[in-house]
Amino acid sequence: MNISEIKLYHMQMRMKHPFTTSFGTEQDRDFLLVEVKDSSGLSGWGEGVASERPLYSEEFTQQSWSMLEQFLIPEALKQEISHPDDLQYLYKPYKRNYMAKSALEGAVWDLYAKQQGKSLSTMLGGTKKHIEVGISLGIEDSYEKLLENIQGKVDEGYKRIKIKIKPGKDVDVVREVRKHFPEIPLMVDANSAYTLADIGTLKALDEFKLMMIEQPLAAGDIIDHAKLQKEIKTPVCLDESIHSYEDARQAIALGSCKIINLKIGRVGGLTESKRIHDLCEQAGIPLWCGGMLESGIGRAHNIAIASLANFTLPGDTASSSRYWEKDIIVPEVVAENGILTVNDRPGIGYDVLVDEVEKHAINKKVFKK
Ligand SMILES: O=C(O)CCC(=O)C1=CC=C[C@@H](O)[C@@H]1C(=O)O
Ligand SMILES: [Mg+2]
């Protein structure tokens, strides 16, 4: 692949509105970008989705920066990479740090696809040209604000509504939403806010015809989710418990979930994402592509992976305008009536506005072969 230079950017971009989950509120997105250049000057881009604080998982921006700066980038420049899959061997000695690994690997995949003159979707084996998307709504202080947000997104045509729940803001909130929206495709994301002691509350959600309940129990848990799934009708969807092909294999074998929210950054990149996709396709476990409040670069990667056949449920990749006054890609990601078009331009299929990247970069480091 003749990689000659790798640039690491520490980005800060303010989202239009704060986003609240069971573990915290975020509005100033702090994330990384990786740019991989070949000797002809062609660039591939990847996004590091860890946040400033390790609340979603153990990863955080500064840790990803150190992992990339001290280990992953210098080692990638030391060897000849002929295919993005080669990075799995470089990554093998290093534990976890999935989001850092994914940022570099995603940039290498984008560059590789551009060198082949093919879209990233095609290179990954994607078959869909249109992808249905939903919207993930944060926790609001008032019912009227939440109901207003839902109405707005239903009017925009989003194909499913995901709302966050936590103890004290769960059954009553879903009941109120169902009162106003009895038929919309609705799911809840608990971000690990419950334990098996809350089984009464989680069973009570069965009356609301939810598409799924996402990650009700502890991050990393497989066993208790298997016990829970036997007790409730609502399909369990795992997010923070699935960090690898192995985790997915064990969760499927134990019946811990009926659906998986796949996030490229959480599982260490596109090569592992593809492996998990194929495993779930074999096992009849549908996937959807989750979001990590990405900039357009991460959204473009999400679109590419979500074009694979077994991504059969609407994901979280809403329009760029969901979060950003101005995205760092052109054209911006636009969901028309809840549908994204997979473009067949080379690589991620969007141009990166390097001036905008530089504007939002609070730190940058260039690594040369
Ligand atoms: O990117 C999006 O629009 C989805 C955001 C979202 O729901 C999440 C982002 C990051 C961590 C979590 O809070 C949550 C999730 O668990 O999916
Ligand atoms: Mg989630």
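Order of listing sets the numbers, starting from 1, for every ligand and every atom in it. Fair warning: this is a prediction, and the values are worked out from it, not measured in the lab.
Which parts of ligand 1 touch Phe19 is read off a 4.0 Å heavy-atom cut-off, strictly below it: atoms 5 (C), 6 (C), 7 (O). Of all atoms in ligand 1, listed by their number and element, those nearer than 4.0 Å to a heavy atom of Thr21 are 13 (O). For ligand 1, the atoms sitting less than 4.0 Å from at least one non-hydrogen atom of Asp239 are 15 (C), 16 (O), 17 (O), numbered in the order shown with element in parentheses.
Not a single heavy atom of Glu26 lies less than 4.0 angstrom from ligand 1. Judged by the shortest distance from any of its heavy atoms, Arg322 lies outside the 4.0 Å radius around the atoms of ligand 1. Within the 4.0 Å heavy-atom shell around ligand 1 one finds Lys263.
Atom 11 (C) of ligand 1 has as its closest protein heavy atom Tyr56 CD1, 3.5 Å. From the protein, the heavy atom lying nearest to atom 1 (O) of ligand 1 is Leu293 N, 2.8 Å. Residue, atom and distance of the protein heavy atom nearest to atom 14 (C) of ligand 1 are Lys164 NZ, 2.9 Å. Closest to atom 12 (C) of ligand 1, if we only count protein heavy atoms, is Asn191 ND2, 3.6 Å. Protein heavy atom closest to atom 2 (C) of ligand 1, with residue, atom name and distance, is Tyr323 OH, 3.3 Å. At the top of the distance list for atom 8 (C) of ligand 1, counting protein heavy atoms only, stands Gly291 O, 3.6 Å. Of the protein's heavy atoms, Ser136 OG, 2.8 Å lies nearest to atom 7 (O) of ligand 1. Protein heavy atom nearest atom 10 (C) of ligand 1, with residue, atom name and distance: Met292 SD, 3.5 Å.
Only side-chain heavy atoms of Asp189 come within less than 4.0 Å of ligand 1; its backbone N, CA, C and O stay farther off.
The one candidate from Glu358, His10, Glu35 that meets the side chain to side chain donor-acceptor pair (under 3.5 Å) condition with Lys364 is Glu358. Each of Arg29, Lys263, Arg299 was evaluated against Glu294; a single residue qualifies, Arg299, per the side chain to side chain contact (heavy atoms under 4.5 Å, CB included) test. The salt bridge (charged side-chain N to carboxylate O under 4.0 Å, His left out) with Asp316 is formed by just one residue from the set Arg160, Lys153, Lys164; it is Arg160.
A donor-acceptor contact closer than 3.5 angstrom is absent between the side chains of Gln12 and Asp28. One side chain, Ser295 or Glu47, offers a donor N or O that lies under 3.5 Å from an acceptor on the other. A donor-acceptor pair shorter than 3.5 Å cannot be found between the side chains of Tyr350 and Asp327.
Among the atoms of Arg299, none of the N or O lies under 3.5 angstrom from an N or O of ligand 1.
In the displayed structure, Glu80 atom CD is contacted under 6.0 Å by more than 12 heavy atoms of other residues, nucleotides or ligands.
The N, O or S atom of Asp189 lying closest to the Mg ion (ligand 2) is OD2. Atom OE2 is the N, O or S atom of Glu214 at the shortest distance from the Mg ion (ligand 2).
A perpendicular orientation is assigned to the rings of Phe19 and Tyr323, their planes being inclined by more than 60° (bins at 30° and 60°). Below 30°, between 30° and 60°, or above 60°: for His83 and Trp109 the angle between ring planes is above 60°, a perpendicular geometry.
Hydrophobic clustering, with ILVMFWY side chains joined whenever heavy atoms are under 4.5 angstrom apart, keeps Trp288 apart from Ile305.
Residue contact annotation: Asp239 places an N/O/S atom under 2.8 Å from the Mg ion (ligand 2).
By the 4.0 Å N-to-carboxylate-O rule, Lys359 lies too far from Asp355 to be salt-bridged with it. A salt bridge between Glu207 and Arg175 is present, with a side-chain N of the basic residue lying under 4.0 Å from a carboxylate O of the acidic one.
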